[in-house]
Enquirer: 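Okay, handing you the structure first.
Every number for a ligand or one of its atoms is a count from 1 in the order of the listing. We're numbering straight along the sequence, starting at 1. Heavy atoms only: backbone and side chains are in, while hydrogens, waters and symmetry mates are out.
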Amino acid sequence: MNPRIANPLLRAPTRAMPRHVAVIGAGSIGPDIGYYLKSALPGLKLTLIDIAQPALDAALARLRGYAEKAVARGKMKPAEAEAVLRDLHGSTDYDALAGCDWVIEAATENLALKRRIFADVEARVAADAMITSNTSSLPAARIFAEMHRPQRATVTHFFAPAWRNPAVEVIDWPQADSELIDHLRLLFCATGKLPLVTADAPCFMLDRIFDNWCNEAAILLGRATAGEIDSVAGDYVHAGPFFVLNLAHGNPIIVETNTLQADEEGEHYRPATIFRSVERWVTVAPNRPLTVAADTAEAVRERLLGVLFSQSVDILDRDIGSAADLDIGCRVALGFKRGPLELMRELGETASARVLERFRRERPGMPGPARALGEYQRFERHVLVDDVDDVKVITLRRPEALNALHDEMTDEILAVIRRFEGDARVAGFVIVGYGTRAFCAGADIGRFPSMLGDARASEQYARDCSRLLVHLDAMDKPVVAALNGMALGGGFELAMRCHALVAVRDAWMQLPEITLGIVPGIGAMVVPYRRWPQAAAVFHDMLRRAERLRAARAHELGIVDELADDVPALVARAVARVHALAGRRPRIPDGPVAIPPFGEGVTTAANGMKLSAIAVGLIENAVREAAAAPTLEAALEAGYRAFGASACTAAAREGIGAFHERRSPDFGKTG
Ligand code: COA
């Protein structure tokens with residue numbers, strides 16, 4: 001595959017966003033693809049094409065249902081839903097394709113049918129219109145073989161439910177224009193999707209994992225029941241193979257895709273015959289796992305890991321996809337709790353090698369590693385790194401958690417900085433978030449519960465989390481934060497330690513910790529008052545009331561140095577700023593600073609939520625103590641201590657618990 005810029009939004013767009021898209025096939029996934037597009041680009045004209053009018057009617061009704069549900073759940077305003085449902089058409093006539101700039105084929109997996117469809121499409125759309133297929137298995141070279149202009153065609157493989165599942169494989173096949181692939185990546189990334197570029201192998205990347213994993217589960221039925229196998233798989237997936245096959249009516253799909261792999265690559269891929277005689281599996285719900293006898297569990301676990309590891313090394317050895325995309329794709333698209341390479345790392349090299357050897361003994365023909373297993377682990381999992389004009393652009397990529405920071409991501413950022421800060425060819429760094437929605441939604445709240453109740457451990461946790469930030473304080477090379485969207489909590493604390501901030505116009509910043517019953521412990525109660533004393537009153541409100549700060553206001557206040565219209569322009573500005581700061585990057589003032597009084601006590605947050613008086617008090621005290629501290633280091637320590645104290649309150653337990661239970665916290669009962 002061509003080496004590409006890792007963050008798709010760093011390249012300036014070469015085409016406008018689509019204005020008229022048609023989706024061919026009003027079955028299960030086609031309308032969902034349409035709904036995703038209309039939600040992301042409400043001004044778009046969308047035409048659904050099918051041979052059957054009832055299918056079209058049902059599809060349009062489904063879209064209306066989605067929009068109504070979104071309004072009922074408060075995810076969409078009525079006016080937004082109206083825009084999504086506007087300019088939505090259904091037709092049984094291919095002439096309705098006239099004027100489309102993108103046609104997505106989502107018809108039955110039948111080669112001859114697809115080729116006929118592409119001939120009909122090509123006869124009706126302009127020469128530069130994009131044509132993509134949602135096939136999950138058939139190689140692009142085969143389905144587009146009879147097209148006049150195959151360079152404008154590729155596979156864009158969505159995952160169910162396509163309106164919500166961010167993953168989409170974009171196939172980089174030899175005849176496709178490189179500009180087409182770059183544009184599709186940009187388009188998907190800018191509309192909230194996670195494009196994963198893969199080579200044109202049968203079943204591409206993620207279905208090679210999923211289909212073979214399901215097939216292996218079926219082959220194992222001689223040793224364990226479907227419920228037992230699902231229960232064992234529950235260690236690392238949200239739902240086991242049989243449960244998912246039932247949900248997706250997936251048995252015929254496995255027969256089809258594994259037959260294709262068997263015909264192309266060998267008998268070891270042949271689908272288990274049982275798929276042809278079973279419609280529904282007798283299994284258990286993911287939250288009700290069975291107790292499985294230890295020896296059975298061990299055999300099932302090893303075999304399922306074996307197929308995952310075998311497919312993973314094969315995908316990497318054949319350059320079908322990248323290691324980071326493989327793991328993130330399995331998590332986001334397939335419902336894995338941890339990706340296969342993460343599972344392999346967790347198990348260790350020796351044990352993984354043993355699993356692979358045993359698997360290949362039991363399943364002759366299945367691929368094995370071409371390199372030492374440790375070599376497959378050499379990649380950045382949560383950040384992308386690009387070179388732009390002698391600057392390393394580090395993109396935070398955890399779209400499943402709005403790029404929230406956890407220890408591994410922090411360490412990866414730090415490792416990239418350490419690797420290049422001594423390199424004379426590198427002028428500095430830019431940190432940006434993946435996509436257009438979030439720079440970073442803060443520290444990963446999922447990791448908080450374990451330390452609640454232990455002041456010492458929580459204080460040390462805050463100190464440890466600051467390892468990247470104190471490194472930024474001491475660096476000579478400039479680091480610029482490029483806020484491509486919301487910067488919350490720890491995400492804003494990271495940005496405020498960068499040496500300059502640039503932001504897209506609709507970005508915003510917030511310190512929501514008070515609404516979780518805790519305090520922002522890694523700099524937010526310290527750094528802004530020393531760095532931007534003119535905005536002290538604004539920070540009082542951000543800390544105590546979780547007031548949002550819009551990028552334009554932050555620019556007026558001198559917090560954000562420059563504004564940009566979109567992400568490519570943002571990164572260009574950030575890179576220019578790195579060069580401008582060379583040799584004269586600002587330092588956070590070290591000495592004590594005067595702060596305005598807090599004034600009246602606050603009881604409610606900006607969103608009306610009743611606050612914890614104890615947490616508000618901890619913030620006020622820490623801000624005062626930090627402002628009076630003789631050095632920045634001493635001031636930061638005051639922040640860590642306040643975080644430790646806040647982690648031991650009933651308010652923290654309530655606030656964090658409420659976030660996980662998706663409800664509003666009740667600080668009235670905690671104080
Ligand atoms: N840590 C861990 N996960 C986070 C996160 C964080 N800081 N912020 C968002 N996420 C996750 C959500 O849990 C959700 O995951 P799920 O799909 O598995 O449930 C996903 O990111 C998308 O967020 P969601 O809440 O569904 O989006 P939304 O548009 O409804 O709301 C926010 C967006 C930012 C308002 C909301 O996610 C939020 O309040 N996040 C917490 C922000 C925060 O308090 N940060 C400071 C932490 S100290």
Enquirer: Any idea which protein heavy atom is nearest atom 13 (O) of ligand 1, and the distance to it?
Expert: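 Going atom by atom, the protein heavy atom closest to atom 13 (O) of ligand 1 ends up being F659 CZ, 3.8 Å.
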Enquirer: Would a search of protein heavy atoms around atom 20 (C) of ligand 1 find one under 4.0 Å away?
Expert: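 When distances to the protein are checked, atom 20 (C) of ligand 1 has a heavy atom within 4.0 Å.
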Enquirer: How far apart are the C-alpha atoms of E620 and R624, what are their side-chain angles, what is the distance that settles it, and do they pass the salt bridge (Lys or Arg N to Asp or Glu O under 4.0 Å) test?
Expert: CA-CA 6 Å; E620 293 178 357; R624 283 194 209 99; 3.8 Å; yes
Enquirer: Run down the list I656, L516, L488 and name the one with the heavy atom closest to atom 34 (C) of ligand 1.
Expert: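 Going through I656, L516, L488 one by one, L488 has the nearest heavy atom to atom 34 (C) of ligand 1.
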Enquirer: Just to confirm my output: which protein heavy-atom neighbour is closest to atom 8 (N) of ligand 1, and how far is it?
Expert: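 In this structure, atom 8 (N) of ligand 1 has A441 CB, 3.5 Å as its nearest protein heavy atom.
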Enquirer: Say whether Q510 and ligand 1 are in contact under the criterion: heavy-atom distance to a ligand atom below 4.0 Å.
Expert: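 Contact absent.
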Enquirer: Non-hydrogen atoms of A443 versus ligand 1: any pair closer than 4.0 Å?
Expert: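 Within the 4.0 Å threshold, so yes.
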Enquirer: For the residue pair H406 and H382, does the interplanar ring angle fall in the parallel (under 30°), tilted (30 to 60°) or perpendicular (over 60°) class?
Expert: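 Plane angle over 60°, so perpendicular.
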Enquirer: Donor-acceptor check, side chain of R437 to backbone of A190, threshold 3.5 angstrom: yes or no?
Expert: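 No: the side chain of R437 does not pair with the backbone of A190.
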Enquirer: Please work out which of H238, R437, R662 has its closest non-hydrogen atom nearest to atom 28 (P) of ligand 1.
Expert: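 Going through H238, R437, R662 one by one, R437 has the nearest heavy atom to atom 28 (P) of ligand 1.
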Enquirer: Look at E625 together with R641 and state whether they make a salt bridge at an N to O cut-off of under 4.0 Å.
Expert: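 Looking at E625 and R641, the cut-off is met.
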Enquirer: Quick one: does ligand 1 sit under 4.0 Å from the side chain of E400, the backbone, both or neither, non-hydrogen atoms only?
Expert: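 Only the backbone of E400 comes within reach of ligand 1.
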Enquirer: Identify whether the distance between the nearest side-chain nitrogen and carboxylate oxygen of E400 and R331 falls below 4.0 Å.
Expert: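 Result for this pair is yes, salt bridge flagged.
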Enquirer: May I ask you to test the F159-V332 pair for a side-chain heavy-atom distance under 4.5 Å?
Expert: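 A side-chain contact is absent here, since even the closest heavy-atom pair is not under 4.5 Å.
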Enquirer: Closer than 3.5 angstrom, by distance alone: can the side chain of R398 be matched with the main-chain N or O of A404 as a donor-acceptor pair?
Expert: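 Here the side-chain-to-backbone pair exists.
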Enquirer: What residue and heavy atom of the protein are closest to atom 24 (P) of ligand 1, and at what distance?
Expert: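 Looking at atom 24 (P) of ligand 1, the protein heavy atom closest to it is L402 CD1, 4.8 Å.
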Enquirer: Is it true that E654 and R663 have a side-chain N and a carboxylate O under 4.0 angstrom from each other?
Expert: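 Salt bridge between E654 and R663, a charged N being under 4.0 Å from a carboxylate O: yes.
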Enquirer: What about I445: any of its N or O atoms under 3.5 Å from an N or O on ligand 1?
Expert: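 Such a contact does occur with ligand 1.
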Enquirer: So which heavy atom in the protein is nearest atom 11 (C) of ligand 1, and how far is it from that ligand atom?
Expert: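 The closest one turns out to be A401 CA, 3.7 Å.
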